[in-house]
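Report on the structure given below.
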Protein chains: 2
Amino acid sequence: MNRSYDLYDGLARALDVVGDRWNLLIVRHLLICPARYRELIDGLPGIATNLLAERLRYLQTAGVLERRLAGAGNGVEYTLTPWGAELRQPIESLIRWSTPLMINGANGDSFRPEWLILSIPALLDARVKVRPSATVGLEFGDLLLQLRATRSGFDLGPLDGRSLEATVRTKPAHILDLAAGTLTLSDARALGLIELDGDESVVRAVFSA
Amino acid sequence: MNRSYDLYDGLARALDVVGDRWNLLIVRHLLICPARYRELIDGLPGIATNLLAERLRYLQTAGVLERRLAGAGNGVEYTLTPWGAELRQPIESLIRWSTPLMINGANGDSFRPEWLILSIPALLDARVKVRPSATVGLEFGDLLLQLRATRSGFDLGPLDGRSLEATVRTKPAHILDLAAGTLTLSDARALGLIELDGDESVVRAVFSA
DNA sequence: CCGCATCCTCATGGATACTG
DNA sequence: CAGTATCCATGAGGATGCGG
């Protein structure tokens with residue numbers, strides 16, 4: 001909205017930059033990877049095209065992101081600056097805070113699997129105890145991801161080449177329950193949190209090691 | 001604004017609750033201590049009375065804060081719920097992220113010393129190295145505070161009774177520089193970041209131990 | 001197609017005045 | 001003191017257009 005609080009205060013000035021509607025959701029999308037205008041429209045259901053354009057312009061002048069030409073000569077691409085990427089911490093904090101708002105399920109709200117890419121590690125970091133060698137693969141349609149336990153927490157990235165040892169299917173809601181809880185992954189499986197039935201938005205969770 | 005993103009996503013649902021204008025600033029004020037309506041008006045320069053009333057109502061129904069009668073039988077008081085108080089982490093993350101926005105000074109923006117009560121510990125936690133026994137007292141007019149180094153970080157609260165050993169004065173801008181930098185407190189003093197001259201908004205920083 | 005810009009309507013924010 | 005009521009400016013969101 002470009003409307004400043006005009007306060008000499010860290011929180012107020014942070015909100016002057018990222019407090020406007022959609023801004024943190026745009027940044028979260030770009031924290032996954034640089035994206036095109038069209039990908040942002042698709043990943044932010046409900047945003048108007050003029051709003052996205054204005055927000056991208058504003059965040060660019062504020063120094064949060066950069067607009068640049070994509071490699072293949074076609075179209076523009078938006079990337080976070082180093083300072084913009086540091087919004088990962090506030091965003092993950094908000095995701096952890098929001099778990100009570102997620103346990104009641106989707107209730108007709110839109111869902112995109114990419115949103116789990118930050119959420120699951122953010123939640124697991126704080127709560128789930130897993131054996132250090134555990135690896136979880138997640139497959140949403142054509143999106144194939146691998147969740148690895150590291151010493152400092154969890155890391156979610158593209159699935160590397162090696163084969164996985166077991167496969168189960170679950171719904172997004174159950175993945176979020178799993179992430180928000182304090183169960184180990186094998187406990188969650190034993191308790192039936194991970195199901196085998198199909199769903200419009202099916203996740204295949206693959207456990208190995 | 002009561003306008004929901006309608007997304008099944010932790011970040012979006014967090015912003016449905018605290019993403020509206022003024023909401024996080026209200027919560028930050030209540031993180032310091034429970035407050036009356038009038039105190040909130042004074043601590044949030046620029047907020048309209050109808051907006052504050054509406055936000056308090058909304059945050060109450062959302063479960064972030066509670067409205068209750070003050071002890072002395074007179075007036076109402078607003079307090080954070082335990083869940084609302086957990087917003088301290090996201091708020092401190094945003095404060096840390098905002099340091100590049102603070103280094104250029106006030107530039108005519110409003111300033112209230114209470115805002116430092118969360119900011120200074122949030123910044124010092126991450127960056128300043130101080131001897132474990134260090135204590136800093138801050139005095140803004142009638143507001144007297146003491147900053148103590150603990151094992152887990154820093155804690156800012158009311159000044160306890162014991163006498164303090166040294167006194168210097170500084171401007172809020174310099175306090176913020178100090179907090180955002182990587183200098184020790186004694187280094188900052190030696191380098192002249194802490195001044196003795198007067199100012200409309202003078203801080204007296206008192207070092208001991 | 002992509003990457004926006006313009007136009008339009010209506011909900012929301014903000015300032016001021018007023019009230020129990 | 002603790003808010004309501006009112007009015008007006010502005011931002012949000014949908015539809016559409018348009019050059020590359």
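The basis for the numbers below is simple: all heavy atoms, side chains too, and nothing from hydrogens, waters or symmetry mates.
- For Arg21(B), a side-chain nitrogen or oxygen approaches OP1 or OP2 of dG14(C) to under 4.0 Å.
- Between Asp6(A) atom CG and dG14(C) atom P there is a gap of 11 Å when expressed in whole angstrom units.
- Contacts between residues 42-51 of chain A and DNA chain D, defined by a heavy-atom separation under 4.0 Å, are made by Gly46(A), Ala48(A), Thr49(A), Asn50(A), Leu51(A).
- Every residue two or more places apart in sequence or in another chain that forms a side-chain hydrogen bond (donor to acceptor under 3.5 Å, both in side chains) with Asp6(A) is listed here: Ser4(A).
- The CG atom of Asp16(B) sits 15 Å away from the P atom of dA12(D) (whole-angstrom rounding).
- Five base pairs at each end of the helix from dC1(C)-dG20(D) to dG20(C)-dC1(D) define two local axes, and these are offset by 30° (rounded to 10°).
- Taking the six-membered ring for Trp and the full ring otherwise, the centers of Tyr8(A) and Trp115(B) sit at least 6.0 Å from each other.
- Note that the CG atom of Asp20(A) and the CD1 atom of Ile26(A) stand 10.0 Å from one another [nearest 0.5 Å].
- In this structure, the side chain of Ser110(A) does not engage the main chain of Leu7(B) through any donor-acceptor pair within 3.5 Å.
- Of the side-chain N and O atoms in Arg67(B), one or more sit less than 4.0 angstrom from OP1 or OP2 of dG3(D).
- Per the geometry, CG belonging to Asp20(A) stands 9 Å off P belonging to dG11(D), to the nearest Å.
- Rounded to an integer number of Å, the gap from Glu77(B) CD to dG3(D) C1' is 17 Å.
- Within residues 26-40 of chain A, no residue places a heavy atom under 4.0 Å from DNA chain D.
- In this entry the distance linking CZ of Arg68(B) with C1' of dA2(D) reads 17 Å, nearest Å.
- Judged by distance alone, with hydrogens and angles left aside, the side-chain atoms of Trp83(B) form a donor-acceptor pair with the main-chain N or O of Trp97(A) at under 3.5 Å.
- With dG13(C), dA5(C), dA12(D) as the candidates, the nucleotide lying closest to the side chain of Arg3(B) is dA12(D).
- Taking atom CZ of residue Arg57(B) and atom P of nucleotide dT12(C), one finds them 14 Å apart after rounding to whole Å.
- For the atom pair CG (Leu31(B)) and CD (Glu86(B)), the distance works out to 11.0 Å, reported to the nearest 0.5 Å.
- Judged as a side chain to side chain donor-acceptor pair (under 3.5 Å), the pairs with a partner in residues 25-49 of chain A (not counting sequence neighbours) are, in order, Arg28(A)-Asp9(B).
- Looking at residues two or more places apart in sequence or on another chain, you find a side-chain hydrogen bond (donor to acceptor under 3.5 Å, both in side chains) between Tyr78(A) and Arg67(A).
- A side chain to side chain contact (heavy atoms under 4.5 Å, CB included) with Arg13(A) is found for exactly one of Leu101(B), Leu94(B), Ile95(B), namely Leu101(B).
- In this structure, the OH atom of Tyr58(A) is 14 Å from the C1' atom of dG11(D), given to the nearest Å.
- Counting to the nearest Å, the P atom of dG13(D) and the CD atom of Glu54(A) are 12 Å from each other.
- Under a 3.5 Å cut-off, the side chain of Asp16(B) and the backbone N or O of Tyr5(B) do form a donor-acceptor pair.
- Contact between the side-chain N/O atoms of Trp22(B) and the OP1/OP2 oxygens of dG13(C) is not found at any separation under 4.0 Å.
- Between Tyr78(A) and the phosphate of dC4(C), there is a side-chain N or O to OP1/OP2 separation shorter than 4.0 Å.
- Going from atom CH2 of Trp22(A) over to atom CG of Leu56(A) covers 12.5 Å, rounded to the nearest 0.5 Å.
- Ser98(A) contributes a side-chain N or O that, together with a main-chain N or O of Gly10(B), makes up a donor-acceptor pair within less than 3.5 Å.
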